[in-house]
Structure formats: structure tokens, C-alpha cells
J.: 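Before we start, here is the structure in question, set down as C-alpha cells.
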Number of protein chains: 2
Amino acid sequence: MSHMVYACLMAVDPDHVLRSAAALLTRKSTATMDEVAKAAGISRATLHRLFAGRDALVRALESLGIAECEAALDAARLDEGTASEAVRRLVRAIEPAAGLLAFLYTENQLFEGEEQNPGWTRIDDRISALFRRGQLSGEFRIDLTPAWLTEALYGLLASGAWMVHSGKGAPKDFQHMIVELLLGGALRREES
Amino acid sequence: MSHMVYACLMAVDPDHVLRSAAALLTRKSTATMDEVAKAAGISRATLHRLFAGRDALVRALESLGIAECEAALDAARLDEGTASEAVRRLVRAIEPAAGLLAFLYTENQLFEGEEQNPGWTRIDDRISALFRRGQLSGEFRIDLTPAWLTEALYGLLASGAWMVHSGKGAPKDFQHMIVELLLGGALRREES
DNA sequence: ACCATATGAGACATTGATGTCTCACACGGG
DNA sequence: CCCGTGTGAGACATCAATGTCTCATATGGT
């Protein structure tokens, strides 16, 4: 049957290309398509066959980031245990994606005016719901809105990723730094 | 005396141009020189006479950001009162510059590899010293390093500026949101 | 009134990234 | 063994932003 699709095994792995691009753009957000291709070990032509342009590549990275984020949200089981424990699990689960998230966070302001991917809203809502749950259970203070706590978490994740990336902090401290500051703050707790 | 410098009063105000550029680039970090010029109410030619190129403009904005930051540090009198009060004053004083800071923060990774302005180190040191003072006085916990607290403050300032800019938060809540989270954390304090 | 100076408008070349194309080649299945 | 398919390499046009230039004009001091 001449019309059959011959699944030639020479095909490059789009996911691997995407991961390479994410790793590169996380460090150098202005990297060229050429640099992205080289980083992935493929030619610019092939890269362009996979993603119809830089825009499409960024969109694909956005989808990847959203998917990883939602996977982390699932893995963290935000509904189980105390809200504090859930936040702790969330930060731990989201750590591998923090660099990509930070990149997309800055890149997103390029899309200002355009419609934004509804995935971000879903993620915002789930995290906000977690903080709201903590407030309703009496764990979290109520003078800070869930929206702000969510935004603050993003900022701290970016700062944490930056600390690790710049070598000023160890990856093993990532979760502790973020969670302790987000939940406990800088003030020394009274000895209870 | 024909060699005298005739101070023609037609000269545009470089500082006003810089402020306009800061205001624009804070919202749209990819604005072109043409847009920057229009935003400042001058022609592209004049803009180019004031700043020899986009690079020079960004450098000038960096200097402006550093100057505003250091002015805020001075105004906050970090050595007076408790460290908490000093942090509160600092966030309040630095609020007008937060947008510019966020822009420079993302733009700085473009300069990676090159030498960075020593002003940032000075600022980092002064803020770190404040947190260290709080730790030595027993106000702040000691398991979070001053470097991390400083970086976290930057992240929260960026998040706060984003909240205000996107309309999701009121400017009047800026200081409260940041300071309360940075110092107190999300956890509800025990009734003392 | 005159003139020096700064500005605005626009033309122009340059640069860098991008998108598109062709062609040679290597691989793998038939 | 042969051929189809995907890939790499590179040429090429395009486009946007930039940097540089000239010239007319307005302004303000003398």
C-alpha cells in the first residue's frame, strides 16, 4: 500500500528538543533559533520543521510548563493533610520546573494584549484554592489574600531558581528556603 | 568670546526622558527606540543624541535604578529602630522604583558574562546587612541566610509590582502585602 | 535683526534574526 | 540491493530594529 505512512525511525524526539530548548532559554532567554537547534543537537531546518517558528516554540514551551505545573499540582495532592504540608509538597514537586516557569513568567509579558493560555488560570485557581483552604482551616492568616499568596509563591520560586542557578544557593536548600519563608516569614517565632 | 558654551535652554531634560523610558519599558520591555522616543515626546534623533544606543539607554536606566534604590536605602535609615521597622520603611521607600527594578532584574540576565554594575553589590550588601542585624538582635530567624532573604525581597517586590500593575492588587496594599509576608509568613501567629 | 544651537523629520545603509527554499546524503525498510 | 524518507548544510529573500547621516526649522541669546 503506497499510501501507508512509513514510520521512519530517524525522527528526532520533539520532547527532547523541547527540553533542550527549555534548558537553554532558562539560562539565556534571548537565544537564537540557531542556538536552540545546536543545543538540541539538530539543524535549524529540522527545528523549524518541528516548530513553525520561534513563536510556536515558545507556545510549545508554555504548554510544557503548564503541563509540568499541573503534574506537580497533581503529585502534591493539595487536598490531603494540612495546607502547610501541601504547600511543602507542592514546592518540592514544582522545583524541576521552576526555571522554565521563570522564563515563561518573563516571556508572558510579551503576549500582553493577546489572549493568554487558560492553563495559567487553572493553575492559579488551584493554588489559590489551597491557600484559601489553609485560611478556612485556621492555619493561614486571613489578611493576605489567596491571590497575593499565589503571586508571592511565584516570585519566591523565581528567586529560588535564580539563587540556585547563580550558584549562590544549593539545590538541596531550594524547598526549605521557599517554604520556610512563605509560611513562617523572617521573624523568629516565639518559643511556644 | 566665540568659544564660550552657549547654554541653549532648548535642551530636553535627559532625566525626564529617562523617566519616560523607565515607565514605558516597565510595561513593555521590548519597546523600540522609536517607541521610547515617542513616549518621551522627542524624536528618535534626539534620543540617539542623548543616549548613544539602546545599550547606553539601558545602562543609564540601570544607573537610575541603582540611584533610586540607594536613595531609598538612605531614606529608610536601615540602622535605626528595630530591623522589622527598617524593613517596613525600606519597602515603603522602594515602592516607586519597584517597576523599574523588575525590568532591570529581567534585563540583567542579558548582561550575563559581562561585568555587572558594582552598584548592585553595594545594594545587596546593605540589605543583607539589615537582615543580619535583625538576626543578631534576635528578631529574625537564623536558618534563612541574609542572602536568601535579600533575594526573596527582590522576588516579592517584583510580584508586588506585578500585582499592582496588572490591577489585581491596590497600590495602597503594596507595602502591607510584601512586609507582612516577608516578615510574618503565611502562617497564622499564635496568640501571644 | 542676526546667528549659533538644538531639534524634528526623514532618507539610507547595516545588522541580525527569521522564514523559505533547494539539494545532497545517510539511514532503514522492502 | 534499491528506493523512500527524514535530516543537515547552506543559499537566499525578508523584515525589523538600529545606527548614521543630511537638511530644514524653531528657538533663544546677543
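Naming: A, B, ... by sequence-line order, numbering from 1 per chain. Any value given below was found using the heavy atoms of this structure, including those in side chains, with hydrogens, waters and symmetry copies removed.
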J.: For B:A158, check side chain to side chain contact (heavy atoms under 4.5 Å, CB included) against everything at least two apart and list the hits.
T.: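 Partners of B:A158 under the side chain to side chain contact (heavy atoms under 4.5 Å, CB included) test: B:A102.
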J.: Distance check needed: D:dT20 C1' versus B:L47 CG, whole Å only.
T.: 14 Å
J.: Send over the distance from B:L57 CG to D:dG19 P, rounded to a whole Å.
T.: 10 Å
J.: Hey, does the side chain of B:T46 come within less than 4.0 Å of C:dG8's phosphate (OP1/OP2), counting only N and O?
T.: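 For C:dG8, OP1/OP2 do have a side-chain N/O of B:T46 under 4.0 Å.
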J.: For B:K38 and C:dT7, what is the distance between atoms NZ and P respectively, to the nearest whole Å?
T.: 18 Å
J.: Quick one: A:R49 CZ to C:dT20 P, roughly how many Å, whole number?
T.: 12 Å
J.: Which pairs, with at least one residue in residues 43-53 of chain B and sequence neighbours excluded, count as a side chain to side chain donor-acceptor pair (under 3.5 Å)?
T.: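 For residues 43-53 of chain B, and leaving out neighbouring residues, the side chain to side chain donor-acceptor pair (under 3.5 Å) pairs sorted by first residue read B:S43-B:T46.
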J.: If I take atom CD1 in residue B:I42 and atom C1' in nucleotide D:dT27, what distance separates them, rounded to the nearest angstrom?
T.: 17 Å
J.: Who are the salt bridge (Lys or Arg N to Asp or Glu O under 4.0 Å) partners of B:E95, not counting sequence neighbours?
T.: none
J.: Any salt bridge (Lys or Arg N to Asp or Glu O under 4.0 Å) involving residues 117-129 of chain A? Give me the pairs, sequence neighbours left out, ordered by first then second residue.
T.: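 Every pair satisfying salt bridge (Lys or Arg N to Asp or Glu O under 4.0 Å) with a residue in residues 117-129 of chain A: A:E70-A:R122, A:D74-A:R126.
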J.: Check nucleotides 12-18 of chain C against the protein and report each pair of N or O atoms closer than 3.5 Å, with its distance, or say if there are none.
T.:
| unit_1 | atom_1 | unit_2 | atom_2 | d |
| --- | --- | --- | --- | --- |
| C:dT18 | OP1 | A:R54 | NE | 2.9 |
| C:dT18 | OP2 | A:M33 | N | 3.0 |

J.: Round to a whole Å and report the spacing from CZ of B:F51 to P of D:dG19.
T.: 13 Å
J.: Is a side-chain donor or acceptor of A:T106 paired with a backbone partner of B:T106 at a separation under 3.5 angstrom?
T.: no
J.: Quick one: side chain to side chain contact (heavy atoms under 4.5 Å, CB included) partners of B:E35, sequence neighbours excluded?
T.: B:L24, B:K28, B:A31, B:T32
